[in-house]
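Below: one structure, written as C-alpha cells.
Atom set for the values below is all heavy atoms of this structure, side chains included, hydrogens, waters and symmetry mates excluded. Numbering of residues begins at 1 and proceeds along the displayed sequence.
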Amino acid sequence: MAIALLAVMAIATASPQQGEACTRIIYRGDSSLIIIGRSLDWRTPIPTNIYVYPRGMQKRGSDKAGAVEWTSKYGAVYAVSYDGGVTEGMNEKGLSVNGLFCKGTVYDNASTAERPPMSLAMFPAWLLDMNATTAEVIEVLKKHDFSLSGATFDSGTVSALHWGVTDATGHTAVIEFDNGDINIYEGDTDMHAMTNDPSWQQMQAIVDYWDKKGGHTTLPGTVSSPDRCTRANYFTTHVAKTADADLGVAIARTVLYNCCVPYTYVVDDAPNVSSTQWRTYSNLRDLRYYFDLAVANGLYYIDLHRCDLNRGSSVMKLVTADTLNSCGDLTESLRPAPPFTPMY
C-alpha cells in the first residue's frame, strides 16, 4: 500500500512534461442540463474548422481494402483538425465524443490487426453517426470488430488517444486502448473530468488522494496532466448548479479556464509543454456546440436545432479563422461545403 501511494505521488508531483495536453470536464446542472467542456492543447496552432453533416451519408473508415463502411443514422457537428480528421463532436441525440492524448495508447495487436480497418480520422464520426447513447457506443466497442490506426501529423506525431463519451442523460464512458485491448470505464454522476496520462485507473487514485486533502485549502497548480485533472475534478463538483443554458456555459467555461495552459506558456527544460489552442462546450440538452479559439475575441456556437440534418442536405462548414471577432449564434454563418478529405 505504501509503495502504491508513493508511485501515485511520484506521478502527481512530476514536472510538466506532457506535449499533448487536453482537459475534459462534465458540468451537470439542473433540469437535465449537461455541458461537456474540453480544451485542445498543442505546441503549435492546430487549424480546426467546424463541419455539420446531415443524416444518410455513406462513409468509409479508411482507404484500405475491407474498411468499415456505414450510412449515418444521425446528423452531427464535428471539429475537424487540418480539415482532415475529426477530433470531437456532438450528434443530434446529444451524444458527445472527445479525443484526448494518452501516451501509453497502443491500438492493435496480432489478433486485431487483420480486422476491418478504421482510421482515427473517422473513428469519432463513426461513433457519432451510428449511436444515440453511451450504452450503444459501449456495445459497439465491446464487439471490437475493427482495427484502429491513423496517419501521423505535425512532423510525424502519432495520434495516441483515449476518448470521453457522454450522452444526454449524463451516462459517461472513458475508452482506452491497451496493447490492442479496449478498456471501458463507465459511470453516471461519479465521472467529472479527464486529461491525459496516466491511464484512467491510475489517474483516479491521484484525484482521490487530493480529494481527501480537501481542495478548498490546497490544490496542485502546475500544468501537468494529473494536476489539471485534479483541479478540473474539484471545481466541476464544487460550483453551483443551474438550469440556464447561458449561465451553465459560463460556469463550465471558467472551470475549464482554470485547468488550461496559458497561451504561449513555455518551460525551458520541457519544450513540448503545450498551450491551449481552443476550447469547446457541448450543451447536450439544447444541442448547442460552442467554439472558443484562444486567439479570438468572442465565444460563439452552432445550434443543431437550426441546422438542416435531413438526408440529402448539404454538408455545412464554418471556417474558424474567419470568426475571430464573432460571438453568439453563428448557425446562419455556416456555408455549404464539400465533405472534408480524411487524413487516413
Side-chain angles (χ1 to χ4, degrees), residues 36 48-99 115-141 143 145-148 150 163 165-169 171 175 280 282-289 291 301-320 329-344:
I36 308 300
T48 303
N49 293 315
I50 298 173
Y51 284 77
V52 175
Y53 272 56
R55 312 173 202 111
M57 292 191 67
Q58 294 183 345
K59 300 181 185 179
R60 183 177 176 88
S62 172
D63 58 355
K64 297 178 182 177
V68 178
E69 297 181 345
W70 68 96
T71 300
S72 58
K73 295 170 60 176
Y74 306 111
V77 55
Y78 309 137
V80 182
S81 296
Y82 300 103
D83 274 346
V86 178
T87 303
E88 63 158 42
M90 175 182 69
N91 71 17
E92 62 179 299
K93 294 298 183 180
L95 179 72
S96 171
V97 176
N98 311 89
R115 296 174 187 177
M118 168 63 69
S119 168
L120 290 166
M122 295 298 292
F123 182 62
W126 178 49
L127 298 180
L128 291 166
D129 289 353
M130 303 303 291
N131 301 284
T133 67
T134 301
E136 291 180 13
V137 171
I138 292 171
E139 184 178 355
V140 167
L141 294 178
K143 295 177 182 177
D145 51 1
F146 59 90
S147 173
L148 191 60
W163 287 268
V165 179
T166 304
D167 65 23
T169 72
H171 188 194
I175 314 299
T280 62
S282 298
N283 178 337
L284 307 187
R285 182 190 70 185
D286 303 304
L287 299 184
R288 291 180 177 180
Y289 182 78
F291 199 80
Y301 66 89
I302 301 300
D303 186 344
L304 277 185
H305 284 303
R306 300 183 58 210
C307 296
D308 186 356
L309 302 179
N310 290 309
R311 181 186 296 266
S313 299
S314 297
V315 172
M316 306 294 283
K317 179 181 180 181
L318 185 70
V319 178
T320 60
D329 187 350
L330 289 196
T331 309
E332 293 187 359
S333 297
L334 290 163
R335 295 291 179 264
F340 71 89
T341 302
M343 295 167 44
Y344 292 127

Inset, instruction - Side-chain contact test, heavy atoms from C-beta onward, threshold under 4.5 Å: evaluate it for Thr133 versus Thr169 and give yes or no. - result: no
Legend entry - Main-chain N/O of Gly75 paired with Glu92 side-chain donor or acceptor, under 3.5 Å: yes
Inset, instruction - For the residue pair Thr280 and Glu88, establish whether any side-chain heavy-atom pair is separated by less than 4.5 Å. - result: yes
Inset, instruction - Would you name the heavy atoms of Leu95 and Leu128 that are closest together and state the gap between them? - result: O-CD2, 3.3 Å
Inset, instruction - Say whether Ser81 and Thr87, considering side chains only, have a donor N or O and an acceptor N or O under 3.5 Å apart. - result: yes
Inset, instruction - Verify whether one side chain among Ser96 and Thr166 offers a donor that lies under 3.5 Å from an acceptor in the other. - result: no
Inset, instruction - Indicate yes or no: at least one non-hydrogen side-chain atom of Asn49 is less than 4.5 angstrom from one of Val80. - result: no
Inset, instruction - Taking atom types as modelled, find out whether Asn91 and Asp129 have a side-chain donor-acceptor pair closer than 3.5 angstrom. - result: no
Inset, instruction - List the steps, then state whether side-chain contact (heavy atoms from CB on, under 4.5 Å) holds for Phe291 with Thr320. - result: CA-CA 9 Å; Phe291 199 80; Thr320 60; 3.7 Å; yes
Legend entry - Cys307 vs Leu334, side-chain contact (heavy atoms from CB on, under 4.5 Å): CA-CA, chis, key distance, verdict: CA-CA 9 Å; Cys307 296; Leu334 290 163; 3.9 Å; yes
Legend entry - Any donor-acceptor pair under 3.5 Å from Ser314 side chain to Met316 backbone: no
Inset, instruction - With rounding to the nearest 0.5 Å, note down the distance linking CG in Asn283 to OH in Tyr301. - result: 10.0 Å
Inset, instruction - State the CH2-NZ distance between Trp126 and Lys59, to the nearest 0.5 angstrom. - result: 13.0 Å
Legend entry - Any Val86 side-chain heavy atom under 4.5 Å of Phe340 side chain: yes
Inset, instruction - Taking the side chain as every heavy atom from C-beta outward, state whether Leu304 and Met90 have any pair of such atoms under 4.5 Å apart. - result: yes
Inset, instruction - Kindly compute the distance separating CG (Asp308) from OG (Ser313), expressed to the nearest 0.5 Å. - result: 3.0 Å
Legend entry - Distance-minimising heavy-atom pair for Pro117 and Gly66: CD-O, 3.4 Å
Inset, instruction - List the atom of Trp163, the atom of Pro124, and the distance in Å for their closest heavy-atom pair. - result: NE1-CG, 4.0 Å
Legend entry - Geometric class of the Tyr53/Tyr78 ring pair [parallel <30°, tilted 30-60°, perpendicular >60°]: tilted
Legend entry - Distance (rounded to the nearest 0.5 Å) between Arg115 CZ and Lys143 NZ: 13.5 Å
Inset, instruction - Could you tell me the separation between the CD atom of Gln58 and the OG1 atom of Thr71, rounded to the nearest 0.5 Å? - result: 4.5 Å
Inset, instruction - Report yes if the side chains of Pro339 and Met57 come closer than 4.5 Å at any heavy-atom pair, otherwise no. - result: yes
Inset, instruction - Could you tell me whether Asp83 and Lys317 have a side-chain N and a carboxylate O separated by less than 4.0 Å? - result: yes
Inset, instruction - List in chain and number order the residues that pass side chain to side chain donor-acceptor pair (under 3.5 Å) with Glu332, two or more places apart in sequence or in another chain; answer none if no residue qualifies. - result: Arg306
Legend entry - OH on Tyr51 to CG on Leu318, rounded to 0.5 Å: 10.5 Å
Legend entry - Exercise: identify the closest heavy-atom pair between Ala168 and Leu284: CB-O, 4.0 Å
Inset, instruction - Would you check if Asp286 and Asp303 make a side-chain contact, meaning some heavy-atom pair closer than 4.5 Å? - result: no
Inset, instruction - Verify, without hydrogens or angle tests, whether Glu136 (side chain) and Ala132 (backbone) share a donor-acceptor contact under 3.5 angstrom. - result: yes
Legend entry - Matching residue for Asn131 among Val140, Ile138, Leu141 - test: side-chain contact (heavy atoms from CB on, under 4.5 Å): Val140
Inset, instruction - Output every pair passing side-chain hydrogen bond (donor to acceptor under 3.5 Å, both in side chains) with a member in residues 335-344, not counting sequence neighbours, ordered by first then second residue. - result: none
Legend entry - Expected output: side-chain Thr134 to main-chain His171 donor-acceptor under 3.5 Å: yes
Inset, instruction - Quick one: sort the Phe146 and Phe123 rings into parallel, tilted or perpendicular, breaks at 30° and 60°. - result: tilted
Legend entry - Lys64 atom NZ, over 12 foreign heavy atoms within 6.0 Å: no
Inset, instruction - Using a 4.5 Å cut-off on heavy atoms from C-beta on, say whether the side chain of Pro54 contacts that of Val315. - result: yes
